[in-house]
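To start, the structure itself, in C-alpha cells.
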Amino acid sequence: MEIELNTIIDGVQDKMPHLSTRAELEAYKATILGPNGAMTAVMKSMGQVPKDEKPAAGKLINKAKSSVVTAFNEVMQRIEAGEMATRLGPSIDPSLPSPDLDRGTLHPISQVREEMVQLFSKIGFSVAEATEIETEHYCFDALNIPADHPARDMQDSYYLPDQLTVANVEKHADEKYLLRTHTSTVQIRTMLESKPPIRIIAPGRCFRRDTPDATHSANFHQIEGLYVDEHVSLLDLKATLDYFVKTIFGPKAKTRLRPSFFPFTEPSFEMDFYSPDLGKLSNKWLEIMGCGMVDPEVFKSVDIDPDRFTGYAFGMGVERIAMILQGVDDIRYYYQNDVRFLEQFA
Amino acid sequence: MKISYNWLKNYIDLDPIDHSPDVLVDTLPLLGFDIETYEKLGPPNMPNVVVGQVTSYQAHPDADRLRCCEVSTGEESALRQIVCGAKNFNSGDKVMVALPGAVLPGDFKIKKSKLRGQPSEGMLCSAKELHLGQDHDGIMIVDKNAPLGTSINALFTQGDTVFDLEITPNRVDVLSHIGVARELSARFGLPVKYPKLSAGKENEGKSLLADVQVLADDLCPHYTALSIQGVKVGPSPAWLKDAIEATGQRSINNVVDVTNYVLHETGQPLHAFDAAKIKGGKLVVRTAHAGESITTLDNLERELSTSNLVIADCERALVVAGLMGSVDAEVDEKTTDVVLESAYFTPKSIRATSRSLHLSTDSSYRFERGADPKGITYASLRAADLILDVAGGSIVGNRLEVGSEPSTLTVITLYPKQVRDFIGFEVSDAVIQSVLESLNLQVAQYADAENCPRWEVSIPSYRADLLRPVDLIEEFIRMYGTGKIPDSEVVARGIERTDDRLYSVNVSVADYLTGQNFNEAFLYSLRDPEEVRYFFGDSSHACLALDNPLQSDQSHLRPSLIPGLIDVLQLNAARGTTGTRFFERGHVYREVQGQLVELVSVGFVMAQESRQREWLTRESEDFYTSRTICENILEIAGQSAKKISFHPINSCDLWQGGHAAYAGDFGRMGYEITCGMINATTLKKRWDLTAPVLAGSILMTPQFFKRTTKRNRHKAISNQPASSKDLSLIVDTSTLAQQVHGDVSKFAQKSSQGFDCESVRIFDLYQAEGLPEGKKSLAFNLSFRAPDRTLKDKEVNAAFDSIQQLICEKTNYTIRK
C-alpha cells in the first residue's frame with residue numbers, strides 16, 4: 001500500500017507543473033480523488049487491511065491524501081494568480097500622460113475676489129448680494145449724490161428706457177433704472193433691510209459707460225464693505241484696511257489714507273499702498289480703494305439715527321487688485337478667456 | 001487745474017528747500033489735492049551743454065541745407081567744427097552748444113560724428129531741445145554777454161514747476177493760486193500774503209455805463225461793473241504772459257489776460273467788455289429771448305434757450321453769463337474803455353446752461369461749483385489795479401452794483417469730545433483748535449450745562465462746503481495728517497448674520513464645476529442686439545435694450561450665458577488651445593410679459609470631439625452628462641433633483657431639437673434648466689464650429705435663494721436583506737421613461753403591504769428589431785425590503801403579481817415576457 005501511495009504522490013508531483021487551467025486541474029483531480037480515482041481506490045482497499053494494521057495504514061493514507069490536497073491547492077493558487085494577472089492585464093506605465101482633462105480653474109478675478117471675501121469673513125464681515133439693475137435713487141440719491149451734483153458727472157452710467165418695468169427691482173419713486181455704477185448700492189439695500197449692527201461685504205459686478213482700454217472695461221467688479229454700529233471710529237476703519245492690505249499684499253506693505261471726496265462718506269479717503277515686492281510696481285504708492293466714514297446724510301436716507309450710529313465704508317475694484325497681484329497689465333485679458341491665460345493662475 | 005510754483009510764491013513765502021516743488025509733490029496729495037501730472041519747466045541738469053560762439057560758418061560742401069560752423073566754447077583748444085541745419089544765426093552769435101558726452105532730454109546722447117563727410121563735434125541746440133520753450137524753428141540765440149563755456153544750468157536757473165491738480169468737486173475754494181496758498185499756509189504754518197488793493201469802488205468822473213439792470217436776480221443775486229477809461233490794449237508783459245501760459249492758456253492781450261490772471265489767482269471769474277461796443281450804454285442781466293442766438297468767442301453760433309442767462313446791452317446778448325463772451329463785445333486792440341464785470345451767478349443756472357450748450361470753461365467750472373460770494377469785490381478791484389498797471393487808463397465813476405452778496409453759513413457748533421469719539425483716538429482740545437484755526441476756522445469757546453466744552457466755529461465765506469460738525473472733523477483730520485492716526489488691532493464683535501446663500505452656493509458651484517474640469521470664464525453682460533433677437537425674439541430684443549448704449553454691438557442685456565460661452569469655445573478653438581470646457585456664473589435678464597426680470601445664472605459648455613488625440617480614448621460626453629451636471633448644480637443650490645421633470649425640446653434656434661431638454665419654470669418654481677446639445681446648424685452658421693457642443697444653463701431668481709430650507713432629520717435604515725424582481729415593459733416610443741417609471745413606482749408602493757419597495761430602477765432600454773413599430777422596451781429592477789425581517793418569496797411574488805396586474809388594468813403598457 002505504501003508503494004501505491006508513493007506512486008500516486010510522485011505522479012501528482014510530476015503532473016503538477018503541467019496543469020495550467022482550472023479544467024485540467026479538475027479533470028486530473030478526478031483521476032486521483034474522484035469516485036474512480038487512484039487515491040479513492042487505495043482508500044477503498046482499507047477494508048482488506050488486517051485490523052491491527054488499520055491504524056498505521058490509516059495514518060499513511062491520511063498523510064498521502066493531505067500531501068495530494070496540498071499539491072492541488074498550490075496548483076489552484078497558481079492558476080488563480082494567473083487568471084488574475086490576465087484579468088488585470090499588463091502592468092501600467094505610471095509615467096504616461098493622463099487621458100483625462102485637467103482640473104478646471106477658477107477665473108483669476110474669482111480667485112482674488114474669494115481671497116478678499118475670506119479675509120474680511122475672518123474679521124466678521126458676511127457677504128451681501130443685490131441685483132445689478134438698480135435705480136437712480138439707490139445708486140445716487142440715497143448715497144447723497146443729488147441729481148444736479150457735479151459728482152454725478154463723475155459717473156457715466158448705462159440707463160434703461162423710461163417706460164420699462166423691472167419686475168424684481170424695487171423703485172423708490174418714479175426714478176430711472178440703470179446698471180449699478182458701484183456696489184455702494186448694496187449698502188443702501190442692506191441698511192434698509194436690517195438695522196445696526198451691520199457688517200457686510202458686497203462683491204459684485206458694476207457697469208460704467210467707459211470706452212474700453214487697458215484699464216477700463218464695460219463691466220468690472222467691486223467689493224464694498226460697510227460697518228455700522230455705535231462708536232465705530234476712523235481708527236477702526238484704518239485698522240481694518242491695514243489688516244486687509246498687509247494680509248493680501250504681505251507684511252511689508254505700507255498704507256496711507258489720502259484725503260479725498262465722495263458724497264457718501266465724510267471724511268473720505270483714497271487708500272494707497274506701497275510694497276517692495278510687486279515687481280515693476282514696487283516702491284511706489286498705488287491707489288487701491290476709496291473709503292471713509294458714512295456720511296450722516298446717507299444714514300438719514302435709510303432711517304438710521306446719525307446721532308447714535310457711526311460707520312465706515314470702503315469700496316475697491318477687484319480687477320485692479322487682481323492686476324496688481326497677478327502682474328496683468330491689460331484688463332481685457334480677463335474677458336478673453338484664453339485657457340492659456342486662465343491656467344496660469346491655477 | 002494748473003498751479004505754477006513760481007506764481008504761488010507771490011502769496012506764500014515757500015522755502016526753496018523745506019517747501020520745494022518736490023516737497024509739494026508729496027504734500028499736496030495728502031491734503032486731498034491729487035497731482036495728475038507735474039512739469040518742471042526750465043532745463044534739467046545737463047553737463048556738457050554750454051554757451052558757445054559761432055565765430056564763422058560756411059556752407060557745407062555737399063549739402064545745401066547744412067552749415068559748417070566754427071564754434072568757440074572758450075576752452076584753450078579753442079575752435080571746433082559743428083555741422084548745423086539751422087539758418088537763424090550769424091557769425092558772432094552766442095548759442096547753446098551740446099558737446100560730445102552731453103545727454104539732452106529724451107535720452108539723446110551727443111557724440112562726435114560726421115555729417116555728409118564733414119566732422120561735427122557736438123550740436124547747436126534749439127530751445128525746445130533743451131526744454132527751455134516751444135521754439136524749434138531754429139537754434140537758440142542767447143544773450144551776447146553770457147560768458148563762453150557757462151553751463152546751461154548756471155545760465156537758466158529760473159525753472160518753474162507747474163502742477164496739474166485734481167480738485168474734488170466740493171473744493172471750489174482751491175481752484176486758484178490763492179486757494180492753494182491757503183492750504184499750504186495751514187499745513188506749513190506760513191501766513192497768506194493777499195495782494196494789497198489800490199483801486200476803490202468810488203472814483204472821480206462818470207461811469208461808462210448809464211445803468212445795469214438785473215432782470216433775473218434769482219439767477220444772479222449780485223452784479224458789479226467797474227469802468228476803466230483810456231487803456232492801451234497791447235501784448236502782455238512777460239510776467240503776465242508766463243503766468244497765463246503756465247495755466248495752459250494762450251495770451252490774448254493785456255486786459256483779457258488780467259481777467260484770466262485774476263481768475264487763476266482768486267478763483268473769481270471776471271469779464272471785460274469793450275465799453276464802446278455796449279449799445280445803449282446799459283447792461284441787462286436777463287434770460288435769453290426765445291430764438292435768440294449768440295456767436296461765442298470760439299466762433300460757434302449758439303442757439304440759446306429761455307433758461308440761459310445772458311448779459312446783454314439794449315439790443316443783443318453779449319455774454320453767455322458765467323461761460324463765454326461773444327465776438328461782438330470783446331476787448332481788442334482798438335479798445336480804449338473797458339467795463340469790468342464781477343458777479344455771482346447761481347451754480348444751478350450755470351451748470352444747466354453749461355450742459356445745454358455743451359460748453360465748459362474755466363469760468364463756468366468755478367461758477368457751477370459756487371464762487372466765493374465775498375470774493376467779488378476783491379477780484380474786481382484787484383483786476384482794476386492790474387489793468388491800470390499793465391494797460392494804463394484810470395477808473396472812472398462809482399462801481400455799479402445790483403443786489404448783494406448771497407449769505408453763507410457762518411457758525412457751526414462743535415464739541416471737541418465729539419471729534420475724539422469720531423476719530424477714535426486721543427487728541428487734546430488745544431491741538432484740535434490750532435488745526436482748525438490754521439484753516440482760518442475761528443473757534444469761540446463756550447461750555448454747556450455739564451461744563452463740557454462747546455465750540456462755535458466760524459466759517460469763512462469761501463468754505464461753503466463746511467456745513468456740519470462732521471465736515472469740521474474732516475477738516476481736522478485732513479490737516480492734522482492721516483499719517484498720525486495710530487495703528488491698532490481690528491476689534492470685531494459678533495454679528496448674527498451669515499453670507500447670503502447666493503454667494504455660498506456660487507462658491508460651491510464653482511468648486512463642483514472646476515472639479516468637473518471646467519474653466520471659469522468671465523464675459524461681458526452686454527451683447528449684440530442681432531444675437532438677442534436671433535435667439536430670443538423681438539419682444540426680448542425690445543425689452544433688453546439699453547437706453548444709452550456706448551457701442552452698437554454692446555447695446556443689450558444678456559438673456560443667457562450660453563452664446564458668450566460659445567464665443568469662448570470659438571476663441572480657444574481658433575487659437576488652438578486645449579480649452580474645451582467652460583462655465584460662467586453671472587446675472588442674466590429675461591423678458592416676461594413685457595417686464596424685465598434679473599436672474600442669477602450658471603452656464604457651461606463642452607466641446608465634443610475637439611479634444612486632442614490621446615493614447616487612451618475616453619467615452620465622450622452626451623446629453624445625460626449635461627443633465628447630470630445641471631441636476632447637481634441645482635442640488636447645490638438646495639433644490640432636490642428628484643423632483644425635476646425634463647421635457648424634450650423639439651425645435652429651437654439655440655438648442656438641438658431632439659437632443660436637448662428643459663425643466664422647471666423660473667416664474668413659478670424659481671428655477672429653470674435647459675441642457676443638451678447646441679443646435680448644430682446654428683453652431684456652424686454663427687460660430688463656424690463643426691464639433692458638437694453640449695451645454696447647460698440654469699436660471700434662478702434671486703428670491704430662490706431666500707427660501708428657508710429645512711434641516712434633514714434621521715430616519716432608521718433596515719439591515720434586512722433585499723429581494724429584487726425584474727420587469728420589462730413595451731411602451732410607445734414617445735412615452736417618457738419618467739412617466740413609465742412613475743407608474744411602476746406608484747403600483748409598487750401600492751402592492752407592497754407591510755414592507756417597502758425601496759427602489760425602482762431602469763436598467764435597460766431596447767428600441768430595435770423584434771419590437772412592434774413605434775415601440776420601445778424599458779426594463780425595471782424593483783427592490784423590496786422589510787424593516788424588521790427577511791421577506792418571504794411568497795410575499796414578494798404576490799406583490800410582483802399585483803404590480804403586473806395593475807399595469808395591465810391601468811396602463812396601455814405591455815409586459816414583455
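Labels below follow one simple rule: chain letters A, B, ... track the order of the sequence lines, proteins then strands, and each chain is numbered from 1. Remember, predicted model here, so these are calculated numbers, not experimental data.
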Contacting moiety of A346(A), where chain B heavy atoms sit under 4.5 Å: neither

R103(A) versus chain B, the contacting section by heavy-atom distance below 4.5 Å: both

Under 4.5 Å from any heavy atom of chain A - which part of R585(B): side chain

Minimum heavy-atom distance between L235(A) and P486(B), given as atom pair plus value: CD1-O, 3.4 Å

Exercise: do T577(B) and R340(A) side chains pair donor with acceptor under 3.5 Å: no

Side-chain donor/acceptor of D421(B) to backbone N/O of H231(A), under 3.5 Å: no

Which atoms of P97(A) approach chain B - backbone, side chain, both or neither, heavy atom under 4.5 Å: both

N572(B) side chain vs V339(A) backbone, donor-acceptor pair below 3.5 Å: yes

Close side-chain approach of L526(B) to N219(A), heavy-atom, < 4.5 Å: no

Donor-acceptor pair between S126(A) and D499(B) side chains, under 3.5 angstrom: no

Donor-acceptor under 3.5 Å (W615(B) side chain, S98(A) main chain): no

Residue part contacting chain B, namely of L237(A), when any heavy atom lies under 4.5 Å: neither

Beyond-backbone contact of R575(B) with Q336(A), side-chain heavy atoms, under 4.5 angstrom: yes

Under 3.5 Å, side-chain donor or acceptor atoms of residues 588-596 of chain B against the rest of the protein: list the pairs with distances, not counting sequence neighbours.
{"residue": "Y589(B)", "atom": "OH", "partner": "E132(A)", "partner atom": "OE1", "Å": "2.5"}
{"residue": "R590(B)", "atom": "NE", "partner": "P559(B)", "partner atom": "O", "Å": "2.7"}
{"residue": "R590(B)", "atom": "NH2", "partner": "P559(B)", "partner atom": "O", "Å": "3.1"}
{"residue": "E591(B)", "atom": "OE1", "partner": "S539(B)", "partner atom": "OG", "Å": "3.2"}
{"residue": "E591(B)", "atom": "OE2", "partner": "G594(B)", "partner atom": "N", "Å": "2.7"}

Any side-chain heavy-atom pair of I485(B) and L234(A) under 4.5 Å: yes

Check against side chain to side chain contact (heavy atoms under 4.5 Å, CB included), R205(A) and S525(B): CA-CA 9 Å; R205(A) 179 168 279 202; S525(B) 296; 2.7 Å; yes

Separation of I477(B) CD1 from F269(A) CZ (nearest 0.5 Å): 6.0 Å

Under 3.5 Å: donor-acceptor pair, side chain of E598(B), backbone of I133(A): yes

Pair L342(A)-F582(B), side chain to side chain contact (heavy atoms under 4.5 Å, CB included): steps then yes or no: CA-CA 11 Å; L342(A) 299 178; F582(B) 294 94; 4.1 Å; yes

Side-chain donor or acceptor of N519(B) paired with backbone N/O of G104(A) under 3.5 Å: no

Inter-residue atom distance Y158(A).OH - L546(B).CG, 0.5 Å rounding: 7.0 Å

Value rounded to 0.5 Å, distance of CG in D547(B) from OH in Y159(A): 10.0 Å

Contact class of Q703(B) relative to chain A, heavy atoms under 4.5 angstrom: side chain

Heavy-atom contact with chain B under 4.5 Å, split by part of T310(A): side chain

Donor-acceptor pair between S233(A) and R420(B) side chains, under 3.5 angstrom: no

Segment of D210(A) engaging chain B (4.5 angstrom heavy-atom cut-off): backbone

Atom group of T498(B) that falls short of 4.5 Å from chain A, counting heavy atoms: backbone

Pairwise side-chain contact, Y503(B) with E114(A), heavy-atom cut-off 4.5 Å (strictly under): yes

R258(A) side chain near T482(B) side chain, heavy-atom distance below 4.5 Å: no

Heavy-atom check, side chain of I495(B) versus side chain of F125(A), under 4.5 Å: no

Part of E297(A) lying under 4.5 Å from any heavy atom of chain B: both

Choice from D162(A), T211(A), D229(A) maximising heavy atom contacts with chain B below 4.5 Å: D229(A)

Validation row: P296(A), V470(B) side chains within 4.5 angstrom (heavy atoms): yes

N/O donor-acceptor pair under 3.5 Å between N548(B) side chain and S157(A) backbone: yes

Chain B contact via I200(A) - side chain, backbone, both or neither, heavy atoms under 4.5 Å: side chain

CA sep, side-chain torsions, deciding dist, call: R493(B), R199(A), side chain to side chain contact (heavy atoms under 4.5 Å, CB included): CA-CA 10 Å; R493(B) 76 150 150 144; R199(A) 201 192 297 112; 4.3 Å; yes

Proximal component of P203(A), with respect to chain B [non-hydrogen, under 4.5 Å]: side chain

Under 4.5 Å from any heavy atom of chain A - which part of L571(B): side chain

Segment of F705(B) engaging chain A (4.5 angstrom heavy-atom cut-off): neither

Candidate pair T578(B) and L101(A), rule side chain to side chain contact (heavy atoms under 4.5 Å, CB included), full reasoning: CA-CA 9 Å; T578(B) 55; L101(A) 293 169; over 6 Å; no

Under 4.5 Å from any heavy atom of chain A - which part of D567(B): neither

Residues that T247(A) engages under side chain to side chain donor-acceptor pair (under 3.5 Å), provided they are two or more places apart: none

Side chain / backbone / both / neither for Q163(A) at chain B, heavy atoms under 4.5 Å: neither

Option in G124(A), S260(A), P212(A) with maximal non-hydrogen atom pairs under 4.5 Å from chain B: P212(A)

Sidechain-backbone polar pair: E474(B) side chain, P267(A) backbone, donor-acceptor under 3.5 Å: no

Contact origin within L164(A) toward chain B - heavy atom pairs under 4.5 Å: side chain

Pair R497(B)-S194(A), side-chain hydrogen bond (donor to acceptor under 3.5 Å, both in side chains): steps then yes or no: CA-CA 10 Å; R497(B) 188 187 187 282; S194(A) 48; 5.3 Å; no

Per-residue contact mode, L544(B) against chain A (heavy atom under 4.5 angstrom): neither

Note: R468(B)-D295(A) ion pair, threshold 4.0 Å (strictly below): yes

Heavy-atom contact with chain B under 4.5 Å, split by part of D242(A): side chain

Pairwise distance CG(N170(B)) to CD(E266(A)) - rounded to 0.5 angstrom: 7.5 Å

Interchain contact, F422(B) with chain A, by part (heavy-atom threshold 4.5 Å): both

Non-hydrogen side-chain atoms of Y334(A) and F522(B) separated by less than 4.5 Å: no

Separation of D100(A) CG from N517(B) CG (nearest 0.5 Å): 7.5 Å

